[in-house]
Amino acid sequence: MSTETGTLFLHPDRNLALELVRATEAAAIRAVPFIGKGDKLGADGAAVDAMRKFLGTVDFDGLVVIGEGEKDNAPMLFNGEHVGTGRGPACDIAVDPIDGTSLTAAGRQNAISMIAVSDRGTMLDASSVFYMDKIVTGAEGIGIIDIHRPIGDNIRALAKAKGKRPEDIVVAVLDRPRHAQLIDDIREAGAGTRLMLDGDVAGGINAALYGTRIDMCVGIGGSPEGVATACAIKALGGEIQTILYPQTDDERQRGMDAGLKFDHVYTANEMVSSDNTFFVATGVTDGGLVKGVRRYGPIIRTESIVLRSHSGTIRRISADHLAEKWLDH
């Protein structure tokens with residue numbers, strides 16, 4: 001521990017996670033009226049407001065390294081914004097009040113509200129480059145997968161490490177035109193696909209969790225989501241490899257000016273160098289990672305997952321909220 005100008009700086013502790021889950025619960029609950037209504041920005045705006053309000057009550061000095069708004073031209077918790085009371089541990093945070101705003105607006109599954117946290121100065125700011133290529137697996141993939149290798153080779157190598165046939169491997173990938181060849185190659189290798197409309201953070205986490213149907217998550221998705229996923233993977237003991245994927249020469253130059261490395265494989269430790277990371281997510285709509293918000297008469301029920309790398313724990317939190325406390329507030 002060290003002091004500076006009389007303020008005590010501490011590492012984030014386990015109590016912080018239970019405070020942060022209040023913010024993701026609030027964001028998820030506030031998004032509910034927008035589910036299936038086609039109003040993507042309205043859903044995001046309500047979730048941002050709720051998350052900011054609850055983060056303001058948490059005893060920590062949170063610096064938003066990865067905000068959720070720039071890429072989507074949406075209301076945002078912006079990069080460089082300080083949240084929390086300013087007392088307690090100094091942290092880097094990545095936030096996405098709704099990962100899957102399009103899913104929420106359409107009433108589809110797998111939308112979550114999420115926050116990732118690490119010690120101050122340990123989270124890669126990849127915000128100048130919107131996309132990165134990713135491959136994520138559980139612990140069996142460590143030393144086995146290689147993002148530079150053809151997907152078929154990675155599928156066969158992971159299948160062998162897991163004691164499965166390639167035909168039994170399920171690979172999650174965003175359903176995008178840019179992935180048409182990748183999807184064909186996955187299926188040609190004999191594996192099955194789990195096509196995601198949005199929300200590749202949940203896809204990556206499910207690939208690393210035991211007991212899910214997903215063995216691997218691959219493809220080009222958001223850089224902020226990649227860094228947030230790395231926080232979760234460090235708690236799960238899985239493997240993640242990413243390569244930045246700039247869309248234009250100007251974007252590449254912005255990334256170079258920000259000190260980012262291209263044609264370089266970023267590992268979990270490079271994206272988040274702290275060994276004390278948190279990942280907190282609450283379901284907005286039902287999904288494979290967590291259930292969505294539900295209303296039972298006077299009760300609103302939320303389901304959340306809390307991951308912490310320092311202790312290697314996975315906690316699932318089901319909470320019942322009195323609906324009357326959320327009306328007109």
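All values derive from a computational prediction rather than experimental measurement.
- With sequence neighbours excluded, the residues satisfying side-chain contact (heavy atoms from CB on, under 4.5 Å) with Pro166 are Ile155, Arg156, Ala159.
- Looking only at distances, a side-chain donor or acceptor of Glu251 sits under 3.5 Å from a matching main-chain atom of Gln247.
- Both Trp326 and Val32 are assigned to one and the same hydrophobic cluster, defined by single-linkage of ILVMFWY side chains at heavy-atom distances under 4.5 Å.
- Side-chain N/O atoms of Ser127 and Asp125 include a donor and acceptor closer than 3.5 Å.
- Residue Ala161 comes nearest to Ile144 through the heavy atom pair CB-CG1, 4.3 Å, listed as atom of the first residue, atom of the second, then distance.
- Tracing side-chain contacts under 4.5 Å through hydrophobic residues (I, L, V, M, F, W, Y), one reaches Val64 starting from Val280; they form part of the same cluster.
- Under the 4.5 Å side-chain heavy-atom criterion for ILVMFWY residues, no single connected hydrophobic cluster contains both Val201 and Val218.
- No path of Ile, Leu, Val, Met, Phe, Trp and Tyr side chains, each step under 4.5 Å between heavy atoms, connects Val95 with Leu103, placing them in separate hydrophobic clusters.
- Nearest heavy-atom pair across Arg316 and Leu289 is NH1-O, 2.8 Å.
- Annotation: the span from Leu20 atom CG to Met51 atom CE amounts to 9.0 Å, rounded to 0.5 Å.
- Looking only at distances, a side-chain donor or acceptor of Ser223 sits under 3.5 Å from a matching main-chain atom of Val129.
- Within the 4.5 Å cutoff, the side chain of Met271 has no heavy atoms near those of the Cys231 side chain.
- Between Asp286 and Gln109 the shortest heavy-atom distance is O-CB, 2.9 Å.
- Side-chain contact of Gln253 with Asp249: a donor-acceptor pair under 3.5 Å is absent, judged by distance alone.
- A cation-pi arrangement is absent between Arg87 and Phe60 under the rule of less than 6.0 angstrom and at most 45 degrees off the ring axis.
- A side-chain contact (heavy atoms from CB on, under 4.5 Å) with Leu124 is found for exactly one of Val272, Leu260, Thr242, namely Leu260.
- Put simply, the side chain of Asn154 gets close to the backbone of Asp146: a donor and an acceptor are under 3.5 Å apart.
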Practice prompt. Starting from the C-alpha separation in whole Å, work towards a yes-or-no answer on side-chain hydrogen bond (donor to acceptor under 3.5 Å, both in side chains) for Ser118 and Ser274.
Written response: CA-CA 6 Å; Ser118 65; Ser274 171; 5.4 Å; no
Item to complete: Show the numbers, then the answer: is there a side-chain contact (heavy atoms from CB on, under 4.5 Å) between Val173 and Met216?
Response: CA-CA 9 Å; Val173 58; Met216 182 188 296; over 6 Å; no
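- Between the side chains of Thr277 and Arg308, no donor-acceptor pair is found at a separation under 3.5 Å.
- For Val227 against Ala126, the heavy-atom pair with the smallest separation is CG2-CB, 4.4 Å.
- Two residues are said to be in side-chain contact when any heavy atoms from C-beta on lie closer than 4.5 Å; Glu303 and Thr282 fail this criterion.
- With hydrogens and angles left out, the side-chain atoms of Gln241 and Glu239 include a donor and acceptor closer than 3.5 Å.
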Worksheet item: Which is it for Ile93 and Leu63 under the side-chain contact (heavy atoms from CB on, under 4.5 Å) test, yes or no, and what are the steps along the way?
Response: CA-CA 6 Å; Ile93 68 172; Leu63 176 65; over 6 Å; no
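- When only modelled atom types and interatomic distance are considered, Thr101 and Asp44 share no side-chain donor-acceptor pair under 3.5 Å.
- Chaining together hydrophobic side chains whose heavy atoms lie under 4.5 Å apart places Leu174 alongside Met196.
- How far CZ of Phe278 is from NE2 of His310: 9.0 Å, rounded to the nearest 0.5 Å.
- No donor-acceptor pair closer than 3.5 Å links the side chain of Thr57 to the backbone N or O of Lys53.
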Practice prompt. Would you sort out whether Ile317 and Leu18 count as a side-chain contact (heavy atoms from CB on, under 4.5 Å), showing the intermediate values?
Written response: CA-CA 9 Å; Ile317 299 173; Leu18 299 180; 3.8 Å; yes
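- With sequence neighbours left out, Tyr266 forms a ring pair (Phe, Tyr, Trp, His ring centres under 6.0 Å) with His264.
- Within a 6.0 Å radius of NE2 in His321, more than 12 heavy atoms belonging to other residues, nucleotides or ligands are found.
- In this structure, Ile240 CD1 and Ile147 CD1 are separated by 9.0 Å, a value rounded to the nearest 0.5 Å.
- Between the side chain of Asp92 and the main chain of Gly121, a donor-acceptor pair closer than 3.5 Å is present.
- Rounded to the nearest 0.5 Å, atoms CZ (Arg254) and CG (Asp250) are 6.0 Å apart.
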Discussion item. What verdict does the salt bridge (Lys or Arg N to Asp or Glu O under 4.0 Å) test give for Arg301 and Asp320, after you've listed the backbone C-alpha separation in whole Å, the side-chain angles of each residue and the deciding distance to 0.1 Å?
Written reply: CA-CA 4 Å; Arg301 180 168 296 167; Asp320 286 350; 2.7 Å; yes
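- Checked by atom type and distance alone, the side chain of Arg176 pairs as donor or acceptor with a backbone atom of Leu197 at under 3.5 Å.
- Val306 has its side chain out of reach of Phe279: every pair of non-hydrogen atoms, C-beta onward, lies at least 4.5 Å apart.
- Salt-bridge formation is not detected for the pair Arg30/Asp49: no Lys NZ or Arg NE/NH1/NH2 atom is positioned less than 4.0 Å from an Asp or Glu carboxylate oxygen.
- Salt bridge present: Arg52 and Glu81 bring a charged side-chain N and a carboxylate O closer than 4.0 Å.
- Within the 3.5 Å criterion, the main-chain N or O of Ile220 finds a donor-acceptor partner in the side chain of Arg178.
- Note that NE2 of His179 and CG of Asp133 are 6.5 Å apart. Values are rounded to the nearest 0.5 Å.
- Using a 4.0 Å cut-off between charged nitrogen and carboxylate oxygen, Lys261 and Glu270 count as a salt-bridge pair.
- Glu225 and Asp96 make their closest contact through OE2-OD2, 4.0 Å (heavy atoms, listed as atom of the first residue, atom of the second, distance).
- Between the side chain of Asp153 and the main chain of Arg149, no donor-acceptor pair closer than 3.5 Å is present.
- A salt bridge is defined here as a Lys NZ or Arg NE, NH1 or NH2 lying under 4.0 Å from an Asp or Glu carboxylate O, and Asp168 with Lys162 fails to meet this definition.
- The two residues Asp275 and Lys234 have their closest heavy-atom pair at OD1-NZ, 3.7 Å.
- With Asp215 contributing its side chain and Thr137 its backbone, the two residues share no donor-acceptor pair below 3.5 Å.
- The local environment of CD in Glu167 is crowded, with over 12 non-hydrogen atoms from other residues, nucleotides or ligands closer than 6.0 Å.
- Both Ile115 and Leu16 belong to a common hydrophobic cluster when Ile, Leu, Val, Met, Phe, Trp and Tyr are linked at side-chain heavy-atom distances under 4.5 angstrom.
- Without hydrogens or angle criteria, Asp119 side chain to Thr122 main chain gives no donor-acceptor distance under 3.5 Å.
- Rounding to the nearest 0.5 angstrom, the gap separating the CZ atom in Arg22 from the CZ atom in Phe54 is 5.5 Å.
- Enclosure of atom NZ in Lys164 by more than 12 non-hydrogen atoms of other residues, nucleotides or ligands within 6.0 angstrom is indicated.
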Item to complete: Go through His82 and Asp61 one step at a time and tell me if the side-chain hydrogen bond (donor to acceptor under 3.5 Å, both in side chains) criterion holds.
Response: CA-CA 7 Å; His82 282 263; Asp61 178 13; 2.9 Å; yes
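- Checked by atom type, the side-chain pair Thr24/Ser113 shows no donor-acceptor distance below 3.5 Å.
- A salt bridge does not link Asp198 with Arg108: none of the charged nitrogens is closer than 4.0 Å to a carboxylate oxygen.
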Worksheet entry | Evaluation steps, side-chain contact (heavy atoms from CB on, under 4.5 Å), between Ile35 and Thr285 | CA-CA 8 Å; Ile35 293 174; Thr285 60; 3.9 Å; yes
